[in-house]
Structures are given as structure tokens and as C-alpha cells.
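Report on the structure given below.
Every chain is numbered from 1 and lettered A, B, ... according to where its sequence line falls, protein lines coming before strand lines. What you see below is based on every heavy atom in this structure, not just the backbone, and it leaves out hydrogens, waters and symmetry mates.
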Amino acid sequence: MIYKKLLSLHGPQGWWPIGATYHKKNYDIPKTSEELFEICVGAILTQNTSFRSVDLALNNLREHNLLNPKNLMKASENLVKTCIKPSGYFNQKTKKLLIFTNFFLQLKNRKPLRSELLSLWGIGPETADSMLLYGWHEPIFVIDAYTKRIFTHLKLIDTAFKYEEIRKIFEKNLPLDYILFNEYHALIVAHAKQFYSKKPYGIGCPVELYFSKTS
DNA sequence: AGCCAGGCTACCG
DNA sequence: CGGTAGCATGGC
């Protein structure tokens, strides 16, 4: 099983980071509504952006006490833009944050439907699923560019498969376990950063070697 | 110096 | 439908 191979290679990852630190083997996160909000903000800011840059933006928001939905709605747009500038696309992401935050406040602590998140401008499938998995502990498998890259490279999925198809494949072949999905996605990202960041992809990938030896 | 990053929208044919 | 330009900054 690829999951166990990745786990033995990289160890537990402890996603999602809160307060810029990871909490390995602690799956009881978020603990508060503000931590939940921080995860959602991070999910938006990390769109096509490394989390290292997102950390800079989150710290700026934290310094201005804006990792709080009500405060964020009251803040000036220019201040928000300045805070999140390090994470890139700051004009678009400011708009996305404000639209999402307005929705978040309307929830009043209710868990959102996936379809509700997807209906918001700026929230696509990966962002919605990251929020539902890491924020609300829903057993949804998050698919990202790395997942497609690794599993197409290993010839386990077809390059033409779309987001929903790939997600269903994972969810059909795994127990619907929030903790498993949490670690698995994080492990995929850790593995891809090491072996699938630049072309040609997969050089030295131990999972690939593992497959060629056993098949 | 140039490519890549934990995507999404708008617009094209 | 599928394909792609644009979005913007920081790290390496």
C-alpha cells in the first residue's frame, strides 16, 4: 500500500499548520472557531502558492488581529492586501477572502455543504475539500496537482482523469477515515516536494523503485 | 535568470 | 466540452 510506504519514508506530517507550526499526530485541530477560520484563510492563500509564503501572510494578518472573521470584515481592503501581499495574487485573494469570510459568518458554526463552498467565487474543488477535511474533519480526499503528478507518473491513474474522478477513486479504495485522508494528502505533498518538483519527475522516487521491484 | 509554488476564473475555439 | 492566459510574490 502506497500510504504505508510514504508514511515510512516521510513520517507523520501533522497537517494543517496552526500558528505557523505543525502539530504532528495531533488530529484534534482546529480547537476553536478562530483556528478553523485560520485554516480556511490558509486554504485560500495557498492557491498555487507555497505555504512558506502563506505563513508570511498569515503572520501579518495575525499581527493586525485579522485572523478573526469579524475583524477581517471590518478591516480596510488596502490593509488586507498589504498583509497578504507575500502570498501573491493579493488583489484576487483579498476579494476571495472577503467573500468567503462573509459566508463563514453567516454559517454561525454550522458545517458548510461542499456545494455551498463551491458556489463561492474563488473557491474551487481543492480549496473546498481542504477546508472540509482539515477544518471540518470530513473524510474527503483532497486532490491537488501533486497527487495527479505522482499517480499518473506511477501509471495508477490516467492523465485525462478529472478532479472528481480521481477523488472518487481514492475514496472508493480507502476507508473513509479523516485521519487517514489528512495524513495521506500531506504525505503526497511531502513526497512530491522531494521527488516530483522538477522535470523529469520521479527521479529517485523510492515508491517507483518499490513498484518496479515488486511487479 | 528563470522556473516553480499545497488553484481558480474568464474566455477562447 | 477541453485548453490556456492572467493573476503576483517569494524561494531557490
Side-chain angles (χ1 to χ4, degrees), chain A residues 3 6 10 12-24 29-30 38-61 77-101 103 114-136 138 140-153 158-167 170 181-203:
Chain A
Y3 172 73
L6 293 176
H10 305 284
Q13 300 297 301
W15 275 27
W16 192 279
I18 286 290
T21 54
Y22 291 83
H23 302 262
K24 299 195 177 187
I29 287 174
E38 178 177 336
I39 289 174
C40 295
V41 170
I44 290 171
L45 294 183
T46 200
Q47 290 174 358
N48 201 36
T49 304
S50 70
F51 211 88
R52 181 190 293 265
S53 296
V54 175
D55 266 348
L56 301 174
L58 288 175
N59 287 333
N60 290 338
L61 290 171
E77 227 174 286
N78 277 337
L79 176 60
V80 178
K81 285 184 181 179
T82 306
C83 287
I84 71 168
K85 184 168 271 186
S87 64
Y89 310 123
F90 58 86
N91 288 307
Q92 289 196 348
K93 283 178 178 173
T94 295
K95 185 177 167 189
K96 293 177 184 181
L97 282 183
L98 294 179
I99 290 173
F100 171 77
T101 303
F103 169 78
R114 187 171 192 265
S115 56
E116 292 178 304
L117 291 171
L118 291 176
S119 73
L120 300 175
W121 185 88
I123 308 258
E126 186 189 337
T127 308
D129 291 345
S130 292
M131 290 180 181
L132 288 170
L133 176 65
Y134 291 103
W136 278 280
E138 217 174 284
I140 291 186
F141 203 94
V142 177
I143 307 300
D144 66 349
Y146 285 148
T147 311
K148 293 178 200 162
R149 192 179 295 174
I150 292 178
F151 284 83
T152 56
H153 182 82
D158 192 282
T159 52
F161 285 178
K162 295 167 62 181
Y163 188 98
E164 289 302 309
E165 299 177 85
I166 302 173
R167 182 168 74 85
F170 278 92
F181 286 11
N182 174 321
E183 281 294 349
Y184 204 163
H185 176 66
L187 285 166
I188 285 170
V189 173
H191 190 69
K193 279 179 176 170
Q194 190 170 353
F195 298 106
Y196 291 82
S197 274
K198 46 185 167 187
K199 298 177 181 177
Y201 296 136
I203 298 299

Checklist entry - Between Asn91(A) and dA8(C), does any side-chain N or O lie under 4.0 Å from OP1 or OP2? => result yes

Next on the checklist: When you compare the side chain of Trp15(A) with that of Val189(A), does any pair of heavy atoms fall below 4.5 Å?
Outcome noted: yes

Checklist entry - What integer distance in Å separates Leu45(A):CG from dA5(B):P? => result 18 Å

Checklist entry - Rounded to whole angstrom units, what separation is found between the CG atom of Asn48(A) and the C1' atom of dG10(C)? => result 13 Å

Next on the checklist: Say we look at dG6(B) and dG6(C): how far apart would their P atoms be, to the nearest angstrom?
Outcome noted: 23 Å

Item to check | Lys198(A) side chain near dC12(C) phosphate (N/O to OP1/OP2, under 4.0 Å) | outcome: no

Checklist entry - Now, which nucleotide makes the Watson-Crick or G-U wobble pair with dC12(C), with each of the two distances under 3.5 Å? => result dG2(B)

Checklist entry - Within this structure, what is the CG-to-C1' distance between Asn59(A) and dG10(C), rounded to whole angstrom? => result 15 Å

Item to check | P-based separation of dT4(C) from dC4(B) [nearest Å] | outcome: 16 Å

Checklist outcome for this item: When rounded to whole Å, the CD to C1' distance for the pair Gln92(A) and dA8(C) reads 9 Å

Checklist entry - Quick one: is dC8(B) close enough that its OP1 or OP2 comes under 4.0 Å of any side-chain N or O from Thr127(A)? => result yes

Next on the checklist: Quick one, Glu165(A) with Lys162(A), criterion salt bridge (charged side-chain N to carboxylate O under 4.0 Å, His left out). Give me CA distance, side-chain angles, the key distance, then yes/no.
Outcome noted: CA-CA 5 Å; Glu165(A) 299 177 85; Lys162(A) 295 167 62 181; over 6 Å; no

Item to check | Ring centers of Phe51(A), Tyr22(A) separated by less than 6.0 Å | outcome: no

Checklist entry - Counting any heavy atom closer than 4.0 Å, what does Ser130(A) reach on the DNA or RNA strands: base, sugar-phosphate only, or nothing? => result nothing

Checklist entry - Checking all strands, does Ile123(A) fall into the base, sugar-phosphate, or nothing category for heavy-atom contacts under 4.0 angstrom? => result sugar-phosphate

Checklist entry - Met131(A) has an atom CE; how far is it from atom P of dG7(B), in whole Å? => result 13 Å

Item to check | Integer-rounded Å distance: dG6(B) C1' and Lys96(A) NZ | outcome: 14 Å

Checklist entry - With sugar-phosphate meaning primed atoms plus P, OP1 and OP2, does Lys93(A) contact a base, only sugar-phosphate, or nothing at under 4.0 Å between heavy atoms? => result nothing

Item to check | Gap between atoms CG and P, on Asp144(A) and dG7(B) respectively (whole Å) | outcome: 6 Å

Next on the checklist: Taking any heavy-atom pair under 4.0 Å as a contact, classify Trp121(A): base, sugar-phosphate, or nothing.
Outcome noted: sugar-phosphate

Checklist entry - Using a cut-off of 4.0 Å on non-hydrogen atoms, how would the nucleic acid contact of Lys162(A) be classed: base, sugar-phosphate, or nothing? => result sugar-phosphate

Checklist entry - Are Lys96(A) and Thr127(A) close enough that a side-chain donor and a side-chain acceptor fall under 3.5 Å? => result no

Checklist outcome for this item: Rounded to whole Å, the CD-C1' distance (Glu126(A) to dT9(B)) equals 15 Å

Checklist entry - Which part of the nucleic acid, if any, lies within contact of Leu118(A), taking any heavy atom under 4.0 Å across all strands shown: a base, the sugar-phosphate backbone alone, or nothing? => result nothing

Item to check | dA8(C) base stacked by Phe90(A) (centroids within less than 5.5 Å, tilt under 30°) | outcome: no

Checklist entry - Cation-pi between Lys85(A) and Phe90(A): NZ/CZ under 6.0 Å from ring centre and within 45° of the ring axis? => result yes

Checklist entry - For atom P, what is the distance between dA5(C) and dC3(B), given to the nearest Å? => result 14 Å

Checklist entry - At under 4.0 Å, does any side-chain N or O of Arg52(A) touch on OP1 or OP2 of dC12(C)? => result yes

Checklist entry - Are Arg149(A) and dA5(B) close enough that a side-chain N or O sits under 4.0 Å from OP1 or OP2? => result yes

Next on the checklist: Does dA5(B) have OP1 or OP2 under 4.0 Å away from a side-chain N or O of Tyr146(A)?
Outcome noted: yes

Checklist entry - Under 6.0 Å between ring centres, would you say that holds for Tyr196(A) and Tyr146(A)? => result no

Checklist entry - Base, sugar-phosphate, or nothing: which does Tyr22(A) touch, judged by heavy atoms less than 4.0 Å apart? => result base

Item to check | Interatomic distance at P, dA10(B) relative to dA8(C), whole Å | outcome: 14 Å

Checklist outcome for this item: From the candidates dG6(B), dG10(C), dC8(B), the one with an atom nearest any side-chain atom of Ser53(A) is dG10(C)

Next on the checklist: Measuring only between side-chain heavy atoms, which start at C-beta, is Leu97(A) closer than 4.5 Å to Leu45(A)?
Outcome noted: yes

Checklist entry - OP1, OP2 of dG6(B) versus side-chain N and O of Trp16(A): anything below 4.0 Å? => result no

